[in-house]
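So the structure is just underneath, and the comments pick up after that.
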Amino acid sequence: MAYSDKVIDHYEHPRNVGSLPKEDPNVGTGLVGAPECGDVMKLQVKVNPATGIIDDAKFKTFGCGSAIASSSLATEWLKGKTVDEALAIKNTAIVEELALPPVKIHCSVLAEDAIKAAISDYKKKQEATAGAHAAQKAQPTA
Amino acid sequence: MSSTPTSIIQVCRSCGGGSPVAAHFCQQCTKILTLGRHGDYFAFLGLPRTLTIAPALLEQQFRALSRQFHPDYFYNATPAERRASLERSSYLNDAFRTLKHPVQRIVYLLEIEGVLTPAERGGAVASATVPPDLLEEVFALNEELDEVRALKASGAPDAQWREKLQHAAAPIAAKRDAHARDLAALASAWDAVADRPADAPERRQVLQALRARVLERNYINNLLATIEREGLQVSGEAEA
């Protein structure tokens with residue numbers, strides 16, 4: 001099966017490979033996997049707390065070319081988006097952009113899952129810290 | 001066996017007589033039955049739907065049916081009978097091949113019990129079904145393998161990267177062994193509840209546990225294959 005030029009480009013020159021500090025409250029981490037090929041994908045977003053905009057995204061994927069390209073493309077798209085805009089990214093858009101064949105559609109699904117997992121992790125952290133702040137603030141007056 | 005429907009009737013195309021679904025030959029006219037409505041692989045081979053099958057018994061059933069269906073015996077029969085003998089021989093081969101392999105037997109059981117779809121068997125399932133700690137392990141192992149590759153590429157002595165690879169492989173080999181033990185224990189657990197009604201909670205529970213193990217298996221096998229590609233044989237039971 002031939003990969004599209006775009007897949008090959010992302011595979012050979014992956015964008016935003018690396019990792020962000022997992023413990024940072026403004027960083028959301030998503031770790032997902034597809035048992036089909038033993039693929040595992042880690043995708044992280046760093047949200048600017050003042051603007052609510054994702055100003056950095058990193059990924060590390062172990063898997064086939066399509067999985068790497070899907071997550072690489074996802075990190076490119078994530079930068080500059082708000083959290084809600086990020087959640088609107090659909091796997092079908094990735095399929096279209098990378099011209100993925102039907103047997104590789106699960107790779108794009110994985111990337112969408114990774115985005116959702118990262119955002120949900122970020123939101124969870126925000127709620128936790130907001131809760132902690134609220135508790136701290138509440139204490140003196142109580 | 002409660003899960004094997006015996007009430008379903010197959011109709012003989014030669015005489016129009018009815019026979020139970022597990023029959024291979026018409027009970028009225030003794031002609032070979034067209035393979036229309038048929039039982040699952042277990043029923044077809046005349047075996048209970050259990051995961052422990054004595055290899056000798058399976059082989060014996062296979063050989064006996066093989067002889068009965070053999071196309072050579074239908075050389076002078078009607079085209080319909082010749083066709084039926086071919087179809088039954090072919091289905092018998094599929095059944096034997098599947099049930100002979102202990103893990104394929106489990107996968108097949110999960111499919112006919114409706115808890116595993118063919119797509120899932122192939123691995124196309126949502127990552128939500130993969131336990132998060134397994135993902136963490138897979139990720140960590142892949143990172144270690146990257147370091148091994150980097151060592152190799154830098155021309156490091158064999159002993160050095162081999163040691164690192166050994167270190168990376170050890171938890172996966174342990175996992176594989178634990179996984180095999182889990183599967184064997186669950187297979188026995190299934191045999192104890194296989195006869196219960198289809199909606200019995202303990203029956204569903206064993207099936208769900210088996211399903212989780214089968215889905216993990218792709219990961220473990222893939223990791224072992226990756227380790228072996230890097231040049232380390234991870235000894236263990238041979239498996240097709």
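Naming convention: chains lettered A, B, ... in sequence-line order (proteins, then strands); numbering from 1 in each chain.
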(message) Non-hydrogen contacts under 4.5 angstrom with chain B: give the residues of residues 79-97 of chain A involved, or none if there are none.
(response) none
(message) Counting C-beta onward and ignoring hydrogens, is there a side-chain heavy-atom pair between B/F139 and A/M41 closer than 4.5 Å?
(response) no
(message) If you count heavy atoms of other groups shown closer than 6.0 angstrom to CZ of B/R149, is the number above 12?
(response) yes
(request) Rounded to the nearest 0.5 Å, what's the gap from CG on B/N142 to NZ on A/K60? Could you check? (result) 9.0 Å
(message) Does atom CD (B/Q208) have a neighbourhood of more than 12 heavy atoms from anything else shown, all under 6.0 Å?
(response) yes
(message) For a 4.5 angstrom cut-off between non-hydrogen side-chain atoms, does A/F62 reach B/D146?
(response) yes
(request) Count the heavy atoms of every other residue, nucleotide or ligand shown that sit under 6.0 Å from CZ of A/R15, and state whether that count exceeds 12. (result) yes
(message) For the CD atom on A/E76, are there more than 12 heavy atoms of other groups (residues, nucleotides or ligands in this structure) within a distance under 6.0 Å?
(response) yes
(message) Consider side-chain contact (heavy atoms from CB on, under 4.5 Å). Of B/L223, B/L141, B/V138, which one does A/V40 pass it with?
(response) B/V138
(message) So for B/E143, is it side chain, backbone, both, or neither that comes closer than 4.5 Å to the heavy atoms of chain A?
(response) both
(message) Does A/D5, at its CG atom, have more than 12 non-hydrogen atoms belonging to other residues, nucleotides or ligands within less than 6.0 Å?
(response) no
